[in-house]
Enquirer: 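Questions regarding the structure given below will be posed in turn.
Treat the numbers as computed from the prediction; the structure is a model and nothing was measured.
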Amino acid sequence: MELTRRKSQTNKINENNLTALNNPLISNEKRKNSTDIMSTEKNNFLFYLQKLFLDQISSNTYFHTRILFIRLLGLIYTFSFLAAYHQAPILIGYQGLYPSYIYMKRMKERYGIWQSPSIFYFLPSMDTSDISLRTICALGTLLGIFLLFTGRCNSIILFILWYFQTSLHNIGQLFYGYGWEIQILETTFLGMFLVPLYSLSKIDRHSPPSILFIFLMRFLIARIMLGAGLIKIRGDQCWRDLTCMDYHYETQPIPNPISYYLHQTSSTFHKFEVLINHFTELIVPFICFGPWRSIRHIGGTLQILFQILLIISGNLSILNWLTILPALWCLDDSYLLYKYIFKREIYTEIISYGFRRRIKFLRSIIKLFVFSLVIYLSIDPILNLFSRYQRMNSSFDRFHLVNTYGAFGSVGKIRNEVIISGCNRSTIEQCNYDNAWLEYEFSCKPGKIDKSPCFTAPYHRRLTWQLWFAAMQNLQYNPWLIHLMAHLLASDQYSPVNVVLSIGGNPFPDAPPRFIKADLYRYKFTRMNSGNKNWWIRSNQQPYSPIFELKSPQLKSILRQMEWKIPKVPMRS
């Protein structure tokens with residue numbers, strides 16, 4: 001990687017070619033013409049406007065910050081679209097739990113396609129196959145890999161990724177309703193104006209990152225953290241009495257093995273963690289706008305370290321990785337650690353003439369317009385921050401350009417899990433008498449008590465997250481769960497539903513069960529000094545669903561009501 005610094009005007013020797021160097025008359029003439037141009041421009045008000053507001057005017061640059069930003073954004077998009085490639089067909093595919101073609105049909109009839117724009121409205125076969133869905137996800141994955149391994153990017157690539165992600169989000173329904181879905185859209189939109197328009201050069205001295213959008217990135221990290229901090233202070237009492245971390249590691253959506261050990265620490269340590277959380281979310285955002293470079297470096301470093309700690313302590317999908325992105329823009333090329341990351345130094349000058357300068361000036365005017373638009377659209381999110389009825393993770397425009405954020409406004413004190421079981425006996429009575437119910441194991445979901453928590457972030461297990469939410473509600477609020485059970489009743493070893501199960505998690509690999517049910521269990525981490533070698537202890541609380549079979553009139557009625565296809569009854573030996 002390359003460390004770049006801006007040269008002064010007196011060091012323009014690298015701009016001259018060998019011919020000019022060998023011919024003093026040509027060289028002197030070029031200097032004279034250049035001086036005349038600069039003299040004319042300096043008398044131009046628009047020239048001053050461009051230099052003051054649209055270009056980098058300080059001694060520090062942000063080229064290698066941009067390289068890190070591009071690589072991390074590539075990592076996020078790689079995992080995001082890779083997860084979608086594997087999971088979207090069973091979640092929103094034509095045979096999915098919430099088929100997207102049904103949703104698009106309803107949206108088109110009631111509101112038109114521009115209310116929730118998506119490329120999938122224009123792609124064929126959405127109601128007969130998943131080829132369009134998989135193609136878009138595969139293209140998104142490849143573009144993410146390109147950014148990750150090259151560190152090269154332009155506005156065109158980011159627009160394509162933004163449009164693909166918007167398209168998935170707008171048809172994803174329940175399974176794409178998380179806060180980071182709109183956060184990645186806003187981050188990518190701002191990123192379009194921080195990378196070159198069409199160049200794929202790592203160091204494009206004609207397209208330095210715009211100061212205006214660097215400010216908007218800092219504004220974004222401030223809104224993200226303040227939104228999370230304020231919703232906690234206004235929300236659960238445990239954030240105010242400093243006890244939330246006594247429960248969080250055990251009750252978060254998908255714990256990892258480190259969560260287990262952090263949960264064992266003392267209440268005093270947990271209170272200290274809450275204080276650190278409040279400091280980082282409510283105080284540090286203002287440090288990111290410090291008037292001195294060193295102050296901004298401290299603010300950005302604290303935000304990045306905080307997100308790394310969250311990555312270590314749990315599986316919050318791409319959320320923490322994504323939040324690092326705007327925090328990077330608190331750091332410029334003089335940041336102390338960069339000299340250990342970027343080995344080679346290149347001295348360059350940010351200047352351009354002729355056609356390239358006119359294109360740059362036109363793009364600068366567009367940036368100024370977009371900057372003004374973002375500031376205008378920020379009015380409602382800012383008012384929401386200080387509202388008594390603060391909303392979390394909401395959009396105020398259909399393109400999700402400026403949003404409001406927040407996380408864990410309330411923390412669960414108990415952990416319930418929905419456990420799905422099947423039985424292949426001929427009657428329900430025989431299943432109960434023989435205790436022949438066998439449990440399904442879902443990827444990274446607590447199930448068997450001796451099963452270790454897993455590491456999965458930034459790969460997002462969307463169905464596992466929804467099962468965590470479902471355990472807090474009744475079955476009537478989660479009809480997709482009935483559809484999932486119907487899929488399991490008709491599944492075989494080639495069924496797409498197997499992608500959401502853990503390896504060996506299907507207790508009926510050869511033929512599906514005849515009956516299926518869901519129960520609610522209470523889970524708790526075991527104590528390290530208890531002598532119990534399991535990770536969890538659990539107790540059965542109550543039935544979560546009726547017992548279904550494929551020919552059940554109740555099941556068929558629900559499927560017809562939701563316009564879902566009724567699976568065929570499988571052949572049994």
Enquirer: Using a strict 4.0 Å threshold on nitrogen-to-oxygen distance, state whether Glu441 and Lys448 make a salt bridge.
Expert: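 The answer is no: the pair does not qualify as a salt bridge.
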
Enquirer: Over all heavy atoms of both residues, which pair between Met392 and Gly409 is shortest? Give the atoms and the distance, please.
Expert: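 Smallest heavy-atom distance, with atoms named: SD-N, 4.1 Å.
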
Enquirer: With rounding to the nearest 0.5 Å, note down the distance linking NZ in Lys271 to CG in Asp246.
Expert: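 Here the rounded value is 8.0 Å.
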
Enquirer: Using a 6.0 Å cut-off, check whether atom NZ of Lys451 has over 12 heavy atoms from anything other than its own residue.
Expert: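 Check passes, neighbour count above 12.
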
Enquirer: In sequence, state the C-alpha distance, the side-chain angles, and the governing distance for Thr323 and Phe306, and then conclude on side-chain contact (heavy atoms from CB on, under 4.5 Å).
Expert: CA-CA 10 Å; Thr323 306; Phe306 182 66; over 6 Å; no

Enquirer: Count the heavy atoms of every other residue, nucleotide or ligand shown that sit under 6.0 Å from NZ of Lys108, and state whether that count exceeds 12.
Expert: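 At most 12 heavy atoms, drawn from other residues, nucleotides or ligands, come within 6.0 Å of this atom.
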
Enquirer: Is Gln390 reaching over with its side chain to a backbone N or O of Gly227, donor-acceptor style, under 3.5 angstrom?
Expert: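 It does hold such a pair.
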
Enquirer: What do the steps show when you test Val497 against Val500 for side-chain contact (heavy atoms from CB on, under 4.5 Å), and what is the final call?
Expert: CA-CA 6 Å; Val497 76; Val500 298; 4.3 Å; yes

Enquirer: Less than 4.0 Å between a side-chain N and a carboxylate O, is that true for Glu549 and Lys517?
Expert: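 Salt bridge absent between Lys517 and Glu549.
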
Enquirer: Determine yes or no for a side-chain-to-main-chain donor-acceptor pair under 3.5 angstrom, with Thr78 supplying the side chain and Ile145 the backbone.
Expert: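 Yes, Thr78 side chain to Ile145 backbone: donor-acceptor pair under 3.5 Å.
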
Enquirer: Can you say whether the rings of Tyr178 and Trp180 are parallel (under 30°), tilted (30 to 60°) or perpendicular (over 60°)?
Expert: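 Tyr178 and Trp180: parallel rings.
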
Enquirer: Show, in sequence, the C-alpha distance, side-chain angles and deciding distance for Leu168 and Leu133, and conclude whether the side-chain contact (heavy atoms from CB on, under 4.5 Å) test is met.
Expert: CA-CA 9 Å; Leu168 269 177; Leu133 194 60; 3.9 Å; yes

Enquirer: Would you check if the side chain of Gln87 reaches a backbone N or O of Arg462 as a donor-acceptor pair within less than 3.5 Å?
Expert: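 A pair under 3.5 Å: yes.
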
Enquirer: Please report whether the ring centroid of Phe408 lies less than 6.0 Å from that of Trp239.
Expert: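 No: the rings miss the under 6.0 Å criterion.
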
Enquirer: Tell me, yes or no, whether the heavy-atom count around Ile131 atom CD1, taken from other residues, nucleotides or ligands under 6.0 Å, exceeds 12.
Expert: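 Open: at most 12 neighbouring heavy atoms sit under 6.0 Å from CD1 of Ile131.
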
Enquirer: Would you say the side-chain atoms of Ser132 pair up with the backbone N or O of Pro124, donor to acceptor, closer than 3.5 Å?
Expert: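 Flag set: sc Ser132 to bb Pro124 pair under 3.5 Å.
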
Enquirer: Going by the angle between their ring planes, with limits at 30° and 60°, are Trp465 and Trp468 parallel, tilted or perpendicular?
Expert: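 Perpendicular.
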
Enquirer: When the ring planes of Phe525 and His263 are compared, do they come out parallel, tilted or perpendicular, using 30° and 60° as the limits?
Expert: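 Aromatic pair Phe525/His263 classed tilted.
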
Enquirer: Under 6.0 Å from the ring centre and within 45 degrees of the ring axis: does the NZ or CZ of Arg461 meet both conditions for the six-membered ring of Phe442?
Expert: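 That pair does not qualify as a cation-pi contact.
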
Enquirer: Within 45° of the axis and under 6.0 Å from the centre of the six-membered ring of Tyr523, does NZ or CZ of Arg415 qualify?
Expert: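 Judged by the rule, Arg415 and Tyr523 form no cation-pi pair.
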
Enquirer: Less than 6.0 angstrom separating the ring centers of Phe79 and Trp321, yes or no?
Expert: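 That pair fails the under 6.0 Å test.
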
Enquirer: Hey, mind stepping through Trp535 and Ile449 against side-chain contact (heavy atoms from CB on, under 4.5 Å) and telling me if it holds?
Expert: CA-CA 6 Å; Trp535 293 86; Ile449 59 176; over 6 Å; no

Enquirer: Between the side chain of Asn256 and the main-chain N/O of Ser259, is any donor-acceptor distance below 3.5 Å?
Expert: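 Yes: the side chain of Asn256 pairs with the backbone of Ser259.
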
Enquirer: Look at Glu439 together with Arg538 and state whether they make a salt bridge at an N to O cut-off of under 4.0 Å.
Expert: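 Arg538 and Glu439: salt-bridged.
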
Enquirer: Is Arg223 salt-bridged to Glu186, going by a charged N under 4.0 Å from an acidic O?
Expert: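 Yes.
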
Enquirer: Do the ring planes of Trp114 and Phe122 sit parallel (below 30°), tilted (30 to 60°) or perpendicular (above 60°)?
Expert: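 Rings of Trp114 and Phe122: tilted, 30 to 60°.
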
Enquirer: Decide if atom CD of Gln561 counts as having more than 12 heavy atoms of other residues, nucleotides or ligands within a radius under 6.0 Å.
Expert: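 Result for CD/Gln561: open.
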
Enquirer: I want to check a possible cation-pi pair here: Arg391 against Phe396, using under 6.0 Å from ring centre and within 45° of the ring axis as the test.
Expert: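 Ring-cation test returns yes.
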
Enquirer: Other residues, nucleotides and ligands only: do more than 12 of their heavy atoms fall within 6.0 Å of NZ on Lys413?
Expert: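 Correct, the count exceeds 12.
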
Enquirer: Using the ring of each side chain (for Trp, its six-membered ring), is Phe189 parallel, tilted or perpendicular to Trp162, with breaks at 30° and 60°?
Expert: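 Rings of Phe189 and Trp162: tilted, as their planes differ by 30° to 60°.
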
Enquirer: Backbone N or O of Gly412 within a donor-acceptor pair of the Thr251 side chain at under 3.5 Å?
Expert: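 Answer holds: yes.
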
